[in-house]
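First the proteins, then the strands, lettered A, B, ... as listed; each starts at 1.
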Number of protein chains: 2
Amino acid sequence: MTLSEENYLKAIYHLSRDAQDEVSTNAIAEAMETKASSVTDMIKKLSEKKLVKYKRYQGAKLTEEGRLYAVNVIRKHRLWEVFLVEKLNFSWDEVHEVAEQLEHIKSDKLIEELDVFLDNPSVDPHGDPIPDRHGNIQPSSKVLLATLRAGEQGVCVGVRNSSREFLQYLDKLGISLGDELKVLSREPFDNSMLIGTGDRKLSVSSLTANNLYVKKI
Amino acid sequence: MTLSEENYLKAIYHLSRDAQDEVSTNAIAEAMETKASSVTDMIKKLSEKKLVKYKRYQGAKLTEEGRLYAVNVIRKHRLWEVFLVEKLNFSWDEVHEVAEQLEHIKSDKLIEELDVFLDNPSVDPHGDPIPDRHGNIQPSSKVLLATLRAGEQGVCVGVRNSSREFLQYLDKLGISLGDELKVLSREPFDNSMLIGTGDRKLSVSSLTANNLYVKKI
DNA sequence: GCAATAATTTAGTTTAGGCTAAAAATATAT
DNA sequence: ATATATTTTTAGCCTAAACTAAATTATTGC
Ligand SMILES: [Mn+2]
Ligand SMILES: [Mn+2]
Ligand SMILES: [Mn+2]
Ligand SMILES: [Mn+2]
C-alpha cells in the first residue's frame with residue numbers, strides 16, 4: 001500500500017461517521033485537497049483491491065478490510081503524536097504534521113513496541129481515542145462544552161477541531177485537557193458562556209464551546 | 001527532496017570514501033539495486049540541483065551541499081537506530097530496515113529532540129559514528145580485529161559488515177560491542193585467531209576478524 | 001416531465017522514477 | 001594501433017498519481 005492509498009482510506013474513514021453511508025467523490029476531493037477526477041481514479045484502484053466498495057456515481061464506502069487498514073493508520077498516527085508530546089517536548093499544536101509522515105512507516109514490531117514504551121495510552125494529545133491492535137476503539141461519553149447548562153461541570157477531555165489556531169488559542173486561554181470547568185452562566189445574546197476553572201473566570205465564544213469536548217462530572 | 005533523491009545521495013556518499021573521487025554509474029546502480037540508465041537520469045537531476053558534480057562518462061561526486069545533505073540523512077538513520085535499540089527493544093540486526101524508512105521523515109525539531117532524548121549518542125548500535133547537527137563526524141581510531149598480533153588486546157567497538165547474518169552470528173558467538181578481546185594466537189594455516197573474552201576462548205575465522213572493529217587497549 | 005444545474009466520470013497530459021534495447025564513448029588486450 | 005569488451009548514455013516505454021477539459025449521469029426546480 002502506497003502513502004497515497006493510505007491517505008485516501010483515512011480520509012474516507014473520517015468522512016463516514018457511520019460505516020454504512022457512502023462518501024461522495026467531491027467530499028473526498030475536498031478533504032484531500034485534490035480534484036474529483038483524481039479521486040475517481042483512486043477509488044477505482046482501491047476498489048480493485050477490495051478495500052472500498054464502489055459503484056459509478058454512487059460514492060465510496062470502506063469494506064471491513066479497508067476499515068481495518070484505515071484504523072491501523074490512525075492508530076499509528078495517534079501513538080506517534082503521544083510520543084512526540086510525551087517524550088520529545090512537542091506541543092499539541094506541533095505534532096500533527098510530523099505524525100502525518102510517521103503514520104506511514106511500515107513495521108508491526110515498531111508500533112507494538114512504541115505502544116508498550118508509551119504505556120498503552122488510550123487517547124492522543126487531542127483527546128482522540130487510540131484504536132487497539134485489533135482495530136477496536138474505546139467508546140467515550142464526551143459531549144461538547146456547548147451542551148452543558150448553567151451550573152453543570154465537566155472535565156476537558158478533547159477537541160473537535162485540532163487546527164493549530166484553535167489549539168494555540170486554548171493555550172492562550174489557559175485551557176488544557178484534564179482541566180475541570182464549571183458553566184457559570186450562558187449568554188443568550190451570542191451563545192457564549194462564562195466558565196470557571198481553578199480560581200479563574202473566562203468567557204468562551206459559542207464557536208469555542210462547540211469545539212471543546214468535556215466529560216460531565 | 002524526494003525519498004529516492006535522498007537514497008541516491010546516501011549511496012554516492014557511502015561509495016566515495018574520499019570525498020574527492022568520482023563514483024561510477026555502475027557502482028551506484030549496483031548499490032541501489034537499479035539499472036545504470038536510471039542512475040544516469042537521477043545524477044543528471046541531482047546535478048541540476050547542484051548536489052552532485054557530473055560530467056558525462058565521468059561518474060558523480062557530491063558537492064559540499066550534497067555531502068551535507070547525505071550526512072544529515074545518515075545522522076537521522078543512526079539516531080533512529082539508537083532509538084529502536086535503546087527504547088523499543090529492537091536487536092541490532094532488526095533496526096536497519098526500519099531506519100531506512102525513518103531517515104526520510106522531515107522535521108528539524110524531531111531530530112534535534114530525538115538527539116536530546118537519547119542523550120546525544122556518539123555512535124549507533126553498530127558502532128558507526130553519528131554526525132552532529134553541522135555534519136561533523138568524530139574521527140575514531142578503530143582497527144580491524146584481524147590486524148591485531150598475538151598478545152594484543154582490544155575493545156570491540158563496531159562492525160564493518162552489518163548484515164543480519166553477520167550480526168546474528170556475532171550474537172551466537174556471544175560477542176557484543178564493548179566486550180574486551182585478547183588475541184591468544186593466530187593460525188597461519190587459515191588466518192583464523194584464537195581469542196579470549198571474559199573466561200571464554202573462541203576461534204574466529206579470518207572473515208569474521210576482518211569485519212569486526214576493535215580499539216586497542 | 002423536462003430543462004437547468006451539480007456531481008461524477010472519461011480522455012488526454014504531466015512528472016517522477018523506474019525499465020529495455022540500442023547507440024556511443026571509453027578502456028583493454030593483443 | 002586497432003579490434004574487442006565494457007561502461008555509460010540515449011531513446012522510447014511504463015506505472016502511479018496528479019491535472020484540465022469535455023462528456024456523461026444525477027438531481028432539482030418549476
Ligand atoms: Mn493528528
Ligand atoms: Mn490527534
Ligand atoms: Mn543501518
Ligand atoms: Mn547502523
Side-chain angles (χ1 to χ4, degrees), chain A residues 1-16 20-62 66 69-70 73 97 100-101 103-106, chain B residues 1-16 20-63 66 69-70 73 100-101 103-106:
Chain A
M1 291 285 290
T2 68
L3 185 144
S4 193
E5 290 171 327
E6 291 186 344
N7 284 336
Y8 271 93
L9 291 180
K10 216 171 31 130
I12 297 169
Y13 178 86
H14 284 308
L15 288 169
S16 60
Q20 321 293 42
D21 51 36
E22 270 99 23
V23 180
S24 79
T25 302
N26 267 0
I28 299 170
E30 191 183 350
M32 305 271 310
E33 297 182 34
T34 184
K35 298 302 158 96
S37 53
S38 306
V39 173
T40 301
D41 285 348
M42 182 57 93
I43 59 188
K44 277 182 187 166
K45 181 150 60 118
L46 292 174
S47 170
E48 303 263 297
K49 295 190 176 190
K50 309 278 185 213
L51 295 165
V52 147
K53 196 77 157 284
Y54 168 65
K55 270 226 198 81
R56 279 159 79 249
Y57 293 98
Q58 312 245 116
K61 176 166 71 168
L62 295 178
Y69 201 105
V73 175
E97 180 189 352
E100 283 292 309
Q101 299 178 62
E103 72 188 6
H104 302 290
I105 301 290
K106 275 146 192 96
Chain B
M1 289 283 291
T2 67
L3 184 147
S4 193
E5 289 173 328
E6 292 186 344
N7 283 336
Y8 272 92
L9 291 180
K10 216 173 31 131
I12 297 169
Y13 177 86
H14 283 309
L15 287 168
S16 60
Q20 319 295 40
D21 51 37
E22 271 98 23
V23 179
S24 79
T25 302
N26 267 1
I28 298 170
E30 190 184 350
M32 305 271 310
E33 297 182 32
T34 185
K35 297 302 157 96
S37 53
S38 305
V39 173
T40 300
D41 285 349
M42 182 57 93
I43 57 188
K44 275 181 186 167
K45 181 151 60 116
L46 292 173
S47 170
E48 304 263 295
K49 296 191 174 187
K50 308 278 185 213
L51 295 165
V52 146
K53 196 76 157 285
Y54 168 65
K55 269 228 200 79
R56 277 159 80 249
Y57 293 99
Q58 312 245 114
K61 176 165 72 170
L62 294 177
T63 63
Y69 201 106
V73 174
E100 284 291 310
Q101 300 178 62
E103 71 188 5
H104 302 291
I105 302 291
K106 272 142 193 104

Measure from [atom1] on [X] to [atom2] on [N] and round the result to the nearest Å.
X: B:K55; N: C:dT26; atom1: NZ; atom2: P; value: 12 Å
X: A:I43; N: C:dT10; atom1: CD1; atom2: C1'; value: 14 Å
X: B:Q58; N: C:dA24; atom1: CD; atom2: C1'; value: 15 Å
X: B:D41; N: C:dG18; atom1: CG; atom2: C1'; value: 9 Å
X: A:E48; N: D:dT15; atom1: CD; atom2: P; value: 14 Å
X: A:N7; N: D:dA16; atom1: CG; atom2: P; value: 17 Å
X: A:M1; N: D:dA16; atom1: CE; atom2: P; value: 13 Å
X: B:E30; N: D:dT7; atom1: CD; atom2: C1'; value: 14 Å

Check whether any side-chain N or O of B:Q58 sits under 3.5 Å from a backbone N or O of B:E22 as a donor-acceptor pair, and report yes or no.
no
For the backbone of A:A29 and the side chain of A:T34, can you confirm whether one donor and one acceptor N or O come within less than 3.5 Å of each other?
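It does not hold such a pair.
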Taking NZ in B:K49 as the centre, count heavy atoms belonging to other residues, nucleotides or ligands within less than 6.0 Å. Is the count above 12?
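Enclosed: over 12 neighbouring heavy atoms sit under 6.0 Å from NZ of B:K49.
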With respect to the phosphate group of [N], does any side-chain polar atom (N or O) of [X] fall under 4.0 Å of OP1 or OP2?
X: A:R56; N: D:dT24; answer: no
X: A:Y57; N: C:dA6; answer: no
X: A:S37; N: D:dA18; answer: no
X: B:T25; N: D:dT9; answer: yes
X: A:Y54; N: C:dT9; answer: yes
X: B:N26; N: D:dT8; answer: yes
X: A:K35; N: D:dT20; answer: yes
X: B:S38; N: C:dC19; answer: yes

With a 4.5 Å heavy-atom cut-off, do B:L51 and B:M1 have their side chains touching?
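They are in side-chain contact.
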Compare all side-chain heavy atoms of B:N7 with those of B:K10 and state whether any distance is below 4.5 angstrom.
yes
Contact class for B:S4 (heavy atom, under 4.0 Å): base, sugar-phosphate, or nothing?
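Sugar-phosphate contact only.
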Identify, between B:G59 and A:T34, the residue whose nearest nucleotide on DNA chain D lies closer to the 5' end.
B:G59
